[in-house]
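Shown next, in structure tokens, is the structure this report addresses.
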Amino acid sequence: MRERLKRALQKAEGYVEIRIQDSISSSISFRNTEVDKISASSDIGGCVRALVKGGGWGVVNFNSLEGLEKRVEEAVISSRAIVPEEPIELAEIPPVDLELPAQIDDDPRVHSLEEKHNLVKEYAEILRGSAGRLIDTNIAYGDGLNKVWFASTEGSYFMRERLDVMLMARAMSREGDNVQSRHDSWSSRESFAEIVGRQADIESVGKTAEALLDAEEVKAGKYTVVLNPQLAGVFIHEAFGHLSESDFIMDNPQAREMMTLGRRFGPPELNVFEDGSVMPPLRGTIIVDDEGVMCKKNYLIKDGILVGRLHSRETAAKMGEPVTGNARADGYSSSPIVRMTNTAIGNGTVPFEKMIADIDLGLYCIDAYGGQTMMENFSFSAGWAFMIRGGKIAEMVRNVVLQGNLFKTLMDIDAIGNDFVWAKGGGNCGKGGQAAKVSFGAPHIRIKDVIIGGK
Amino acid sequence: MQKILSKVKGRVDSAEVFFVRSHQTEIGYDGWKLKRSTVVQKEGYSLRVVKNGRIGFAATTDPNGIDLMVENAVATAAFGETVAIEFPSAQNFATPNIFDPKLAGLSIEQMIDYGKLFIAQCERYRGIADLSFESQKMTIEVKLANTSGFEGGYEKTVFSYGGYLSRVKEGDVFMVGDGFGSTHLPEMTEALRKMTEPFHRKMELADNIVTVSSGKMPVIFDPKGSMVLLLPIRAGINGRSVYTKSSPLVGKEGQKLFDERLSIYDDGTLDRRLGSSPFDDEGVAKTRIDIVKNGVFENFIFDIVTAAKAGRSSNGCGERGIFSPPSPSLSNFAVAAGNVPYADMIGSIDEGLLVEGVLGLGQGNIISGAFSNPVGTAFKIEKGEPVGRVKNASIAGNIYNDMREIAALGDTQELVYGSYLVPFIRLDTLNIAS
């Protein structure tokens with residue numbers, strides 16, 4: 001492939017890169033105790049991106065790998081058609097030459113379709129039978145092996161392979177008009193074994209969905225809120241991480257001001273970082289990004305102060321900041337855009353028991369059910385939650401929606417736990433129509449004065 | 001197509017091949033400047049087979065992967081879903097007008113010019129707000145064949161664009177924008193002028209941030225903002241819930257659940273609409289489906305498998321991608337217009353809210369009908385007109401309670417998000433928290 005890509009780039013004008021992807025995947029899903037979908041697919045395609053001097057990005061995506069030279073030509077023509085007012089520059093990077101085969105411990109391909117089917121079937125039966133008032137349950141299993149080749153006219157070349165194994169459980173419960181649901185997922189980059197032996201986890205998904213039926217709806221108001229690591233991770237990704245993406249800031253002087261480096265964003269204990277090079281590989285680990293930039297640990301907030309942001313080569317050049325390795329494309333039909341990889345709140349010092357001990361009336365919010373942000377405003381649904389009363393975890397409550405302003409909320413973080421973990425689940429982040437596999441990490445965190453919507 | 005079917009002949013009971021090829025051109029402006037031009041060519045096959053009453057599925061975009069796809073489809077059928085389905089046989093279809101030859105010949109340069117037109121309409125905000133614009137044109141070719149004798153295909157064009165202004169001021173962010181989608185190219189100068197016209201009043205209102213009182217007050221949902229009311233219905237009418245019993249609508253066909261002025265339908269036969277085609281992705285004719293008629297819940301939507309499991313028939317709502325088997329999906333979702341002109345609807349409001357969008361749309365247990373969302377873009381209504389922008393307020397309710405009585409339904413349907421036709425909707429029973 002290396003030679004084939006080199007040949008296609010030989011006569012290219014300006015900067016041109018070719019990315020080829022070849023993947024195979026299989027999936028099995030059960031609805032209740034019956035097989036719902038089972039499929040096996042192969043997907044192949046490529047993307048050529050060109051930037052001629054004085055031109056704009058010209059991009060061609062395709063399925064057929066025949067005539068790569070022709071695709072390169074088309075992309076160059078397309079690049080010339082665009083004449084930006086200011087020339088697009090790319091930050092200088094050293095060329096890479098890498099072969100990154102997937103490190104596989106327990107290859108899902110050696111397990112037969114029958115074995116996978118039987119395992120998923122067992123989980124489906126456990127989930128369906130885990131509680132009496134479940135009306136709909138769903139188990140989905142998927143595995144995929146994805147190989148990407150990249151070459152550019154600057155002499156960079158890499159082959160990056162990744163394995164993904166994913167298991168998801170979802171249960172919906174109902175009593176009258178009260179409908180509740182709960183889901184959880186487990187993923188691995190290395191091993192099929194990671195999703196084996198999940199019987200107890202699966203059972204707890206169904207039991208929690210049922211327990212939520214009997215929980216009272218939370219009373220709207222302001223609370224001191226403790227987020228579990230999973231929810232804290234989703235929060236920092238959604239509410240803060242997206243604002244750190246330089247493509248959002250780049251052409252927007254006001255946003256640039258809002259995100260001025262050196263500005264205080266939180267208490268001195270608050271550290272937020274991004275790291276696409278975490279090993280063993282997490283869901284967001286890519287080692288090298290889709291422009292051939294090496295990933296590393298990048299602090300975004302250090303000791304409460306905004307110190308960095310996420311870049312592609314274009315945004316780094318434009319803002320005169322170092323590259324970070326955050327240009328990602330979700331497949332051959334997409335161009336790389338500034339994305340997160342593994343985003344985290346750094347570990348703190350406060351044990352969980354101490355964190356809740358002085359809360360008279362508060363909420364302990366566990367996992368994220370969904371969330372949305374509109375610039376500095378955010379809204380998140382907790383997967384489930386408990387009241388905290390007199391420093392103790394008390395009754396379960398439902399329909400907990402956290403709302404607020406990012407800047408105020410980060411400043412209101414008043415305790416950071418000492419129990420950092422990376423999420424085990426299979427998270428995808430959507431942006432510009434692309435889904436990036438990401439992960440998040442955090443310890444427990446405590447935030448005062450959080451607005452909770454509801455009754 | 002027949003060649004692929006012949007490869008599985010004798011090895012399975014029945015089979016169906018789906019082929020889609022698309023060619024898309026997209027241009028994009030960011031920060032007032034032309035930034036992107038993209039060409040996407042896609043094509044792929046998927047194969048669904050039934051063997052011993054079980055369904056197998058495989059797909060490929062690899063021209064050399066057809067034989068592997070055939071083997072995968074047969075292999076997965078050994079463990080596939082057991083359901084008695086029959087693929088439709090050959091039929092005649094009425095084809096809606098969904099192909100615009102003018103659009104097929106539209107050049108990148110012309111699309112770039114549309115961006116310039118949009119910028120010209122927004123010129124006064126240069127230096128004040130950030131501007132983005134994107135436009136796509138696509139031609140799609142669909143082919144479908146099965147062992148029951150069906151063989152059909154059609155070509156479709158798609159054109160869409162969206163333009164947005166976002167203004168950040170002292171940590172406050174305000175976004176205004178709109179988009180359009182159709183199978184046909186509109187008269188662009190006029191279309192863009194019309195689209196940007198309301199921006200100016202909104203940008204003015206945005207500067208005046210006001211507060212609303214908490215409690216019940218009239219809320220007018222702009223057709224774009226009405227999604228918060230329509231998503232629970234969209235989620236609730238999936239035919240799958242007939243046997244999973246997951247929707248509050250189960251068992252309520254024929255019952256009056258909403259205000260009698262409310263009628264909702266899905267119509268895949270409309271000319272020039274993105275969701276239209278002669279048949280769905282399984283070869284079942286598209287029709288107009290009454291979902292709610294005069295307040296009475298009428299129909300769920302089904303594809304072939306869902307219908308078989310629910311003991312019904314497909315009503316032409318099977319939609320699929322290359323890599324996903326069909327599932328029930330809407331074509332062109334519409335709320336019938338009422339009879340209240342917008343001026344009358346807003347004119348009688350002393351204090352109220354005009355909602356164009358909420359945050360967290362679709363999050364939470366929407367299938368139950370409940371919603372609780374902070375407003376995204378919303379304006380306060382005072383003495384019959386919008387007077388300022390509202391931040392930090394949230395609306396909550398349940399469509400199964402709050403749409404039993406609708407205060408007013410607008411007299412004109414507007415096209416939003418490319419394939420939704422919705423009038424303004426006014427509800428007077430919602431709770432506002434501020």
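Each chain gets a letter, A, B and so on, in the order the sequences are listed, and its residues count up from 1.
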- Please list, in residue-number order, every residue in residues 53-65 of chain B that has a heavy atom less than 4.5 Å from any heavy atom of chain A; write 'none' if there are none. B:I55, B:F57, B:A58, B:A59, B:T60, B:T61, B:D62
Minimal non-hydrogen separation, [X] against [Y], with atom names:
X	Y	result
B:I108	A:S78	CD1-OG, 4.3 Å
B:A75	A:L113	O-CD2, 3.8 Å
A:I82	B:S37	CD1-CB, 3.3 Å
B:K309	A:D36	NZ-OD1, 4.4 Å

- Under 6.0 Å from the NZ atom of B:K33, do we count more than 12 heavy atoms belonging to anything else shown? yes
- Note on the structure: Contacts of B:K116 meeting side-chain contact (heavy atoms from CB on, under 4.5 Å) (sequence neighbours excluded), chain-then-number -> B:Y29, B:I112, B:D113
What's the separation between atom [atom1] in [X] and atom [atom2] in [Y], rounded to the nearest 0.5 Å?
X	Y	atom1	atom2	value
B:I322	A:D43	CD1	CG	7.5 Å
B:N72	A:S42	CG	OG	7.0 Å
A:N399	B:F371	CG	CZ	13.0 Å
B:E43	A:N63	CD	CG	6.0 Å
B:N373	A:S379	CG	OG	6.0 Å
B:R36	A:W57	CZ	CH2	12.5 Å

Under 4.5 Å from a heavy atom of chain A, the part of [X] involved:
X	value
B:S247	backbone
B:L47	neither
B:L34	both
B:V358	backbone
B:R240	side chain

Count the heavy-atom pairs under 4.5 Å between each of [options] and chain B, then report the option with the highest count.
options	value
A:M258, A:R174, A:E314	A:R174
A:N61, A:V60, A:I44	A:N61
A:D22, A:V400, A:V179	A:V179

Can you say whether [X] sits under 4.5 Å from chain B via the side chain, the backbone, both, or neither, judging by heavy atoms?
X	value
A:F62	both
A:E114	both
A:E257	neither

- Query: Taking only residues two or more places apart in sequence, or in another chain, which ones meet B:R389 in a salt bridge (charged side-chain N to carboxylate O under 4.0 Å, His left out)?
  - Reply: B:D172
- Is the closest side-chain heavy-atom distance between B:K391 and A:N377 below 4.5 Å? yes
- Item | Donor-acceptor pair, side chain of A:D136 and main chain of B:T244, under 3.5 angstrom | no
- Message: Looking at B:K35 and A:D247, is any side-chain nitrogen of the basic one under 4.0 Å from a carboxylate oxygen of the acidic one?
- Response: no
- Task: Tabulate, in ascending numerical order, the residues of residues 23-34 of chain A having at least one heavy atom closer than 4.5 Å to a heavy atom of chain B, or enter 'none'.
- Result: A:R31, A:N32
